[in-house]
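Numbered from 1 within each chain, the chains take letters A, B, ... in sequence-line order.
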Amino acid sequence: DVKVTQSSRYLVKRTGEKVFLECVQDMDHENMFWYRQDPGLGLRLIYFSYDVKMKEKGDIPEGYSVSREKKERFSLILESASTNQTSMYLCASHLAGHTDTQYFGPGTRLTVL
Amino acid sequence: AQSVTQLDSQVPVFEEAPVELRCNYSSSVSVYLFWYVQYPNQGLQLLLKYLSGSTLVKGINGFEAEFNKSQTSFHLRKPSVHISDTAEYFCAVTHFGNEKLTFGTGTRLTIIP
């Protein structure tokens, strides 16, 4: 069974803090994704990585950065958290060329006070 | 560019009644289409997908969807819903060679006992 895990289910941070969200997959997938989910807006792609150290901006990269030092791990970084980054963050992964089998993590609900 | 429109943000349905969740897409090339379900406090899981072949696609939990190229639609249906179908449903689109999915804004299905 493919597993995508996220380091925290719930996280509360203060404005201006640096925040790290971690995602790990155990099926040797090349592609990994970070999405943000907000009511009425659906899922929006923040960043996408197609290989170690390779990344591509998604639709809403502003205020975020990512790191992929190992194939199984994809980190989302909020350099200076702001209240408008309060949201649900979802990680996903799939094998290259297999968008039809994308697996999602359980999500991290981040609240920035 | 590709896009997905889910016109209904919320759909209330009585238990054991039929339901249809609407999805329309826009793309200049042949598409692959998906429905994902998100149960409360969980990540997304795949309900069904259309890649090619038969336009009627059957998925898990008794759901099915029909690909209609002329109407650019991929509506999700279930003949008789249960309380356990309470969830948010997302339609998504991609095409051959694209490693990214584009999601709709979601439809929240509420089952009324």
Within [range], which positions have a heavy-atom distance to chain A below 4.5 Å?
range	result
residues 100-113 of chain B	B:K100, B:L101, B:F103, B:G104, B:T105
residues 76-95 of chain B	B:E88, B:F90, B:T94
residues 44-51 of chain B	B:L44, B:L46, B:K49, B:L51
residues 9-27 of chain B	none

Check each atom of [X] against the heavy atoms of chain B and say whether the ones under 4.5 Å are side chain, backbone, both or neither.
X	value
A:Q102	both
A:L41	backbone
A:Y35	side chain
A:Y89	neither

Engaged part of B:Y36 at the chain A interface, taking heavy atoms whose separation is under 4.5 Å: side chain

Region of B:N98 that comes under 4.5 Å of a non-hydrogen atom in chain A: backbone

Any donor-acceptor pair under 3.5 Å from B:E99 side chain to A:N31 backbone: no

If hydrophobic clusters are built from ILVMFWY residues whose side chains come within less than 4.5 Å, do [X] and [Y] share one?
X	Y	result
A:M32	A:L21	yes
A:M88	A:F33	yes
A:Y50	A:F104	yes

Test log, rule side-chain contact (heavy atoms from CB on, under 4.5 Å), inputs B:N41 and A:R9: CA-CA 9 Å; B:N41 300 314; A:R9 292 300 305 273; 4.2 Å; yes

Residue among A:A92, A:G40, A:C91 with most heavy-atom pairs under 4.5 Å to chain B: A:G40

Contact winner vs chain B - A:P106, A:G107, A:P39, heavy-atom pairs under 4.5 Å: A:P106

Within-4.5 Å side-chain heavy-atom neighbours: A:D100 and B:Y32: no

